[in-house]
Each structure stands twice: as structure tokens, then as C-alpha cells.
Undergrad: 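Here it is, the structure in full.
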Amino acid sequence: MKSKILLESWRSFINENTDLSPITGEEVEVIGLVPMSAKPFHEGHMSLIRKASDECNRVIVYVSTSDRKKKGEFPIFGEDMKYIWENILEDSIKDKYPDVGFEYGGSPVGKVYEKLKEANNIQDENVYRVYSDIEDTAKRFPAKYKELYFGDLYNRGKVIFPAEESPESFTRGKGSADISGTTMRSYLSNGQEDKFLFLYNLPGEIKQSGKEEIFNILSRRLN
């Protein structure tokens with residue numbers, strides 16, 4: 001009789017202290033933020049998106065839609081790039097990285113600050129990883145601005161800059177392709193002569209027909 005009581009008590013203890021029900025409430029996410037001007041978009045930009053997608057639950061790419069017109073340089077128009085993003089790049093990227101979303105307009109870096117400031121104000125428990133190369137990270141996200149806009153979140157380890165953890169992986173020509181917007185614009189300015197080089201430095205995720213369309217859209221400004 002005593003053994004039966006002890007057995008039943010043990011079963012009761014096990015049932016009360018073994019919770020097999022799902023965890024309720026919001027789960028903590030790792031969210032990648034990728035700000036870029038991308039005029040034009042190239043393999044270096046894509047490498048940031050790949051890294052973000054590999055390391056995060058979801059990714060937000062902030063894209064500028066303003067014109068880039070500087071004396072002596074080939075112009076890139078925001079309306080052209082917005083069309084390219086919405087009609088070529090989005091599908092090419094999301095086909096392989098469905099966790100990636102896009103937001104257009106305004107300052108991409110400013111949008112990151114707004115996102116992190118908001119998260120800081122509500123004591124968000126998600127983790128944010130901000131992807132840019134080592135030079136842009138140092139220039140756009142200095143310590144004094146981190147402290148001012150999202151210091152508590154950053155100090156609690158909720159905001160991470162991968163380029164600070166692994167500088168070489170985010171250095172052009174080492175951890176990413178040795179290509180820049182300046183070089184891509186110079187290829188465009190030379191038209192058909194440098195078309196192959198321009199197409200070569202577009203990401204492999206884009207189909208050849210899409211690469212050709214991008215070149216045609218941007219190079220028409222030569223006429």
C-alpha cells in the first residue's frame with residue numbers, strides 16, 4: 001500500500017514538473033539590417049545580403065532611390081534603380097533568400113538608426129546585426145552615435161556590427177569582391193567597350209537576361 005502511494009506521488013510530481021507545452025510569447029529573432037545606396041548594385045552588395053541571410057532569421061535591405069549625379073562621373077538615376085530593384089533584383093534575390101525584404105526611399109543609414117532607436121526605446125529583446133563593409137561601418141556608425149541613439153541596446157549586446165568582429169571578411173578585395181560603385185559607373189561610361197566587365201561584376205544570382213537588362217537600362221543614359 002505504501003509503495004503504491006509513493007509511486008502515485010512520484011507520477012504526480014513528474015506530470016506537474018514536465019512542461020511539454022509550446023513556449024508562449026514572442027520568440028527572440030536575429031534581424032539583419034543592410035543599408036545600401038547601390039548605384040549601381042554589384043557583387044560586393046550581394047555579399048552583404050548573403051552573409052546577413054546566412055546569419056539571421058530575416059533581413060531588411062534599405063535601398064536609396066535618390067539620383068547620384070556627380071561632375072565627371074556617369075549618372076545613376078534613382079528611378080532606374082528602383083525599377084531594376086522591383087523588377088529584376090527582388091525576384092533574383094528572394095528566389096534564393098526568401099527571408100530577405102526590401103524598403104525603398106530616404107537615407108538607408110538613417111533608416112537603420114530609426115529602426116534601432118525604436119527598438120531601444122521599447123527595450124526590444126531581438127538581436128540586430130548591421131551589415132556594411134568595414135570602412136562604412138566606421139564612418140556611418142561611430143561610437144558617439146551608437147551611444148546617443150541606441151546605447152542601451154548596444155551595451156546589452158542586442159546590436160552587433162559583424163564588420164567590427166571580423167574586419168577582413170568585410171574588406172573589399174579580401175572578404176568580398178574587389179569592386180566598387182565608382183568602377184561600375186566607369187564601365188557604364190565606356191558603353192559596349194566595358195559591357196563584359198560590368199556584367200561580370202553583377203551577382204551570380206541574377207540571370208544573364210536580367211544582367212543584360214540592367215546594363216541596357218543604365219547605359220541608355222549615354223544617348
Undergrad: Checking Ser92 against Lys207: is there a side-chain donor and acceptor pair closer than 3.5 Å?
TA: no

Undergrad: Between Tyr131 and Arg129, is a side-chain hydrogen bond (donor to acceptor under 3.5 Å, both in side chains) present by the stated rule, with each step listed?
TA: CA-CA 6 Å; Tyr131 291 82; Arg129 294 176 65 85; 2.9 Å; yes

Undergrad: Taking only Lys NZ, Arg NE, NH1 and NH2, and the carboxylate oxygens of Asp or Glu, determine whether Arg50 and Glu55 approach each other closer than 4.0 Å.
TA: no

Undergrad: Assess Lys115 against Tyr62: is NZ or CZ under 6.0 Å from the centre of the six-membered ring, and within 45 degrees of the ring's axis?
TA: no

Undergrad: Using 30° and 60° as the class boundaries, would you call the ring planes of Tyr154 and Phe150 parallel, tilted or perpendicular?
TA: perpendicular

Undergrad: Verify side-chain hydrogen bond (donor to acceptor under 3.5 Å, both in side chains) between Thr183 and Ser186, making sure each step is shown before the conclusion.
TA: CA-CA 5 Å; Thr183 302; Ser186 74; 5.2 Å; no

Undergrad: State whether Asp80 and Arg220 are salt-bridged, where the test is any N-O pair (Lys NZ or Arg NE/NH1/NH2 against Asp/Glu carboxylate O) under 4.0 Å.
TA: yes

Undergrad: Report the C-alpha distance between Ser180 and Arg172 in whole Å, list the side-chain angles of each, state the deciding distance to 0.1 Å, and finish with yes or no for side chain to side chain contact (heavy atoms under 4.5 Å, CB included).
TA: CA-CA 8 Å; Ser180 68; Arg172 187 182 302 155; 3.5 Å; yes

Undergrad: State whether Tyr187 and Lys195 meet the cation-pi test: NZ (Lys) or CZ (Arg) under 6.0 Å from the six-membered ring centroid, and within 45° of the perpendicular axis.
TA: no

Undergrad: If you apply the rule salt bridge (charged side-chain N to carboxylate O under 4.0 Å, His left out), what do you find for Glu205 with Lys94, and how did you get there?
TA: CA-CA 10 Å; Glu205 285 81 356; Lys94 289 182 73 67; over 6 Å; no

Undergrad: Please find out if less than 6.0 Å separates the ring center of Tyr113 from that of Phe141.
TA: yes

Undergrad: Judged by modelled atom types alone, do Glu27 and Asn57 share a side-chain donor-acceptor pair under 3.5 Å?
TA: no

Undergrad: Hey, are Glu164 and Lys146 close enough for a salt bridge, meaning a charged N less than 4.0 Å from a carboxylate O?
TA: yes

